[in-house]
Amino acid sequence: MARLLKQNLRKEDGCARWGGEEFLLLLPETDSKTAVAVGQKLIETVRGSIIEHPDNPIRLTVSLGICTFQRNQTIDECIRSADQALYEAKAVGRNRLAVRQ
């Protein structure tokens with residue numbers, strides 16, 4: 001999954017494992033509209049990806065939470081908002097994204 005995400009980001013973007021099955025993406029100089037477009041592209045890319053396994057192929061899914069950093073926020077507040085958006089996206093199904101400010 002990490003390789004798939006990194007292959008679909010710009011070289012200046014960051015991608016790191018954040019939790020058990022969570023990744024944190026940092027998209028510098030990216031507004032909310034562009035972040036949503038990147039998110040939609042990632043969802044489509046992941047949706048079409050399959051990991052071959054001898055017993056059964058593994059079909060990947062992704063849920064995304066997006067938050068655009070605001071000057072009046074701390075980085076922790078921004079990450080917390082993105083995490084809340086992630087859980088909103090997960091609540092409505094797979095291959096979704098949600099946005100919070």
Any non-hydrogen side-chain atom of E52 less than 4.5 Å from a side-chain atom of I50?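 With C-beta onward as the side chain, the pair touches.
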Taking the side chain as every heavy atom from C-beta outward, state whether V46 and M1 have any atom pair closer than 4.5 Å.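 Yes, at least one pair of side-chain atoms sits under 4.5 Å.
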Check ion pair R80-D83 (N to O, under 4.0 angstrom):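 No.
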Which value, rounded to the nearest 0.5 Å, describes the distance between [X] atom [atom1] and [Y] atom [atom2]?
X: E88; Y: L64; atom1: CD; atom2: CG; result: 13.0 Å
X: L42; Y: L97; atom1: CG; atom2: CG; result: 9.5 Å
X: K41; Y: L9; atom1: NZ; atom2: CG; result: 7.5 Å
X: T61; Y: R96; atom1: OG1; atom2: CZ; result: 11.5 Å
X: Q40; Y: N95; atom1: CD; atom2: CG; result: 10.0 Å
X: L24; Y: L86; atom1: CG; atom2: CG; result: 11.0 Å

Between Q73 and S81, is a side-chain contact (heavy atoms from CB on, under 4.5 Å) present by the stated rule, with each step listed? CA-CA 10 Å; Q73 282 182 311; S81 289; 4.0 Å; yes
Would you please test L4 and S49 for side-chain contact (heavy atoms from CB on, under 4.5 Å) and show each step? CA-CA 9 Å; L4 188 59; S49 299; 3.4 Å; yes
Determine whether a donor-acceptor pair (N or O, by modelled atom type, separation under 3.5 Å) exists between the side chain of D13 and the backbone of R10.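 At least one qualifying donor-acceptor pair exists.
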Do any N or O atoms from the side chain of T34 and from the backbone of T30 form a donor-acceptor pair under 3.5 angstrom?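 No, because the side chain of T34 does not come within donor-acceptor range (under 3.5 Å) of the backbone of T30.
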Please give me the minimum heavy-atom distance between [X] and [Y], naming the atom from each residue.
X: F69; Y: I75; value: CE1-N, 3.9 Å
X: C15; Y: K6; value: O-CE, 3.7 Å
X: G93; Y: S63; value: O-OG, 3.8 Å
X: I79; Y: W18; value: CG2-CZ2, 3.8 Å

In terms of side-chain heavy atoms, does R100 have a donor or acceptor partner in S32 at a distance below 3.5 Å?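 Short answer, no.
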Does [X], at its [atom1] atom, have more than 12 non-hydrogen atoms belonging to other residues, nucleotides or ligands within less than 6.0 Å?
X: Q70; atom1: CD; answer: yes
X: R17; atom1: CZ; answer: yes
X: Q7; atom1: CD; answer: yes
X: R47; atom1: CZ; answer: yes

